[in-house]
Amino acid sequence: MGITFTNELPNGIKRGYDYDTGEKMISIPDNGEFLITSRKKVNAYKDLIKNSREQPSYTCSNMDSIKEVIRTLEEKHCGYLLYLQCFMDFGGLLIKGSKYKDPMNKNDIQKVLGLGRTTFSYFFNTMIKNDIIHLEGEHFRVNAKYHWKGDSNVTNLIRSYTTTLKELYKSVNAKDLGFIYKLLPYVHKETNFLCENPIEKNPLLIRPLNKKNIARIVGVDEKTVYRKLLKLKLSDMYVFGEVSKGGVNNAYMINPFIFYRKGGKPDKTLKTIFLFNPQK
DNA sequence: ACGAGGGCACATGGTGATAC
DNA sequence: GTATCACCATGTGCCCTCGT
């Protein structure tokens, strides 16, 4: 049985049906080859990006200097910060949204984070005290040493895709986002692998992080890492992908639709890993 | 012997109330 | 505005069994 494609649209996209799983499938031309996935997944992704304009917008984080932030802040505060930096404009000012460019005041920020008075003031005072967010009159600017939006000559940076990241905040808690934040300095540029030496160019020399290493870096129990790897999902996509060789899980990758180091769109292999449908 | 995953007691986060 | 508290829901660490 397998997948049968019926009609081809003028743009080269083919629609089809998977007789094994009963799912509607789609074949998308991609640099001379075809990426086959389910329409459900494609639609879920389209829904996520439909509110953003032409290009999915992103912010950048400095992989070296955010290690200071990680050392200083509690995990939950790293999570709130990761979400909040999605609201920067090109000057780092926290604004209400891409459509409404008014700067946010303290109340707006509290509302956006969805926190009560006690929790918010604890978080926000910590940001100001550690110079991660500056006060400018009634408005606030994120310290460009750590996070910014737009061009930069920093080499070790990682892009966070605003729309997907905002969506992620809805489905996980602040500690989960903090967990992800702590792993951002370990994302490899070419492959999105989590590794000890993310600037290594030779693939043979990459030292991928296993569950034990991740637990040590983040400072949690191995079981907690395991649970988060299973749990963290965005719509139909997982945040982390697992690579196993010989039945042993020895490496992890982060979802390139949320975090990606290179410019442009994720390459074909990465797309396939995070979009393909496991056989039932 | 080992890793995946279950169970459970304890820890932690977020909240509103209260006092200052 | 901040500090502290008790409360509840959820998360976490640790120990366990199970299957290989």
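These values consider heavy atoms only, across backbone and side chains, with no hydrogens, waters or symmetry-generated copies. It should be emphasised that the depicted structure is a prediction, and the values quoted were computed from it without experimental measurement.
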K.L.:
Would A/K111 count as a cation-pi partner of A/F120, with NZ or CZ less than 6.0 Å from the six-membered ring centre and within 45° of the ring normal?
P.N.:
no
K.L.:
Both A/E75 and A/S121 contact DNA chain C. Taking the nearest nucleotide for each, which residue is further toward the 5' end?
P.N.:
A/S121
K.L.:
Which nucleotide, C/dG13, B/dG5, B/dT18, lies nearest any side-chain atom of A/R117?
P.N.:
B/dT18
K.L.:
Does A/N125 put a side-chain nitrogen or oxygen below 4.0 Å from OP1 or OP2 of C/dT2?
P.N.:
yes
K.L.:
Could you check which of B/dG14, B/dA4, B/dT12 has an atom nearest any side-chain atom of A/K175?
P.N.:
B/dT12
K.L.:
Measure the distance from OH on A/Y122 to C1' on C/dT4 and round it to the nearest whole Å.
P.N.:
14 Å
K.L.:
A/L230 CG to C/dG11 P: how many Å, rounded?
P.N.:
14 Å
K.L.:
Have a look at A/G178 and say if it touches a base, only the backbone sugar-phosphate, or nothing, with a 4.0 Å heavy-atom cut-off.
P.N.:
nothing
K.L.:
Atom OH of A/Y252 and atom C1' of B/dG3: how far apart are they, to the nearest Å?
P.N.:
10 Å
K.L.:
State yes or no: are the ring centers of A/Y181 and A/H147 separated by less than 6.0 Å?
P.N.:
yes
K.L.:
Classify the side chain of A/K223 and the base of B/dG3 as holding, or not holding, a donor-acceptor pair under 3.5 Å.
P.N.:
no
K.L.:
If you only use heavy atoms from C-beta on, which nucleotide in C/dT4, B/dG5, C/dG13 is closest to the side chain of A/V220?
P.N.:
C/dG13
K.L.:
In this structure, how many angstroms lie between the P atom of B/dG14 and the CG atom of A/N173, rounded?
P.N.:
8 Å
K.L.:
Would you tell me if any nitrogen or oxygen in the side chain of A/T118 comes within less than 4.0 Å of OP1 or OP2 on B/dT15?
P.N.:
no
K.L.:
Assess whether one donor atom and one acceptor atom, taken from the side chain of A/R227 and the base of B/dG6, lie less than 3.5 Å apart.
P.N.:
no
K.L.:
Using whole Å, what does the distance between atom C1' of nucleotide B/dG5 and atom CG of A/L229 come to?
P.N.:
14 Å
K.L.:
Check whether any side-chain heavy atom of A/I180 lies under 4.5 Å from a side-chain heavy atom of A/I258, and answer yes or no.
P.N.:
no
K.L.:
Does A/Y226 make a side-chain N or O approach to OP1 or OP2 of B/dA4 shorter than 4.0 Å?
P.N.:
no
K.L.:
Using a heavy-atom cut-off of under 4.0 Å over every strand shown, decide if A/K76 touches base, sugar-phosphate, or nothing.
P.N.:
sugar-phosphate
K.L.:
NZ of A/K228 versus P of B/dG5: gap in Å, rounded?
P.N.:
17 Å
K.L.:
Check whether A/F90 forms a cation-pi arrangement with A/K101 (NZ or CZ under 6.0 Å from the six-membered ring centre, at most 45° off the ring normal).
P.N.:
no
K.L.:
Please check: side-chain N/O of A/N173 versus main-chain N/O of A/K76, any donor-acceptor pairing under 3.5 Å?
P.N.:
no
K.L.:
Look at all strands and tell whether A/K106 reaches a base, only sugar-phosphate, or nothing, counting heavy atoms closer than 4.0 Å.
P.N.:
nothing
K.L.:
Figure out the CG/P separation between A/L113 and B/dG13, and round it to whole Å.
P.N.:
16 Å
K.L.:
Find the distance A/K231:NZ to B/dG5:C1' and express it as a whole number of Å.
P.N.:
16 Å
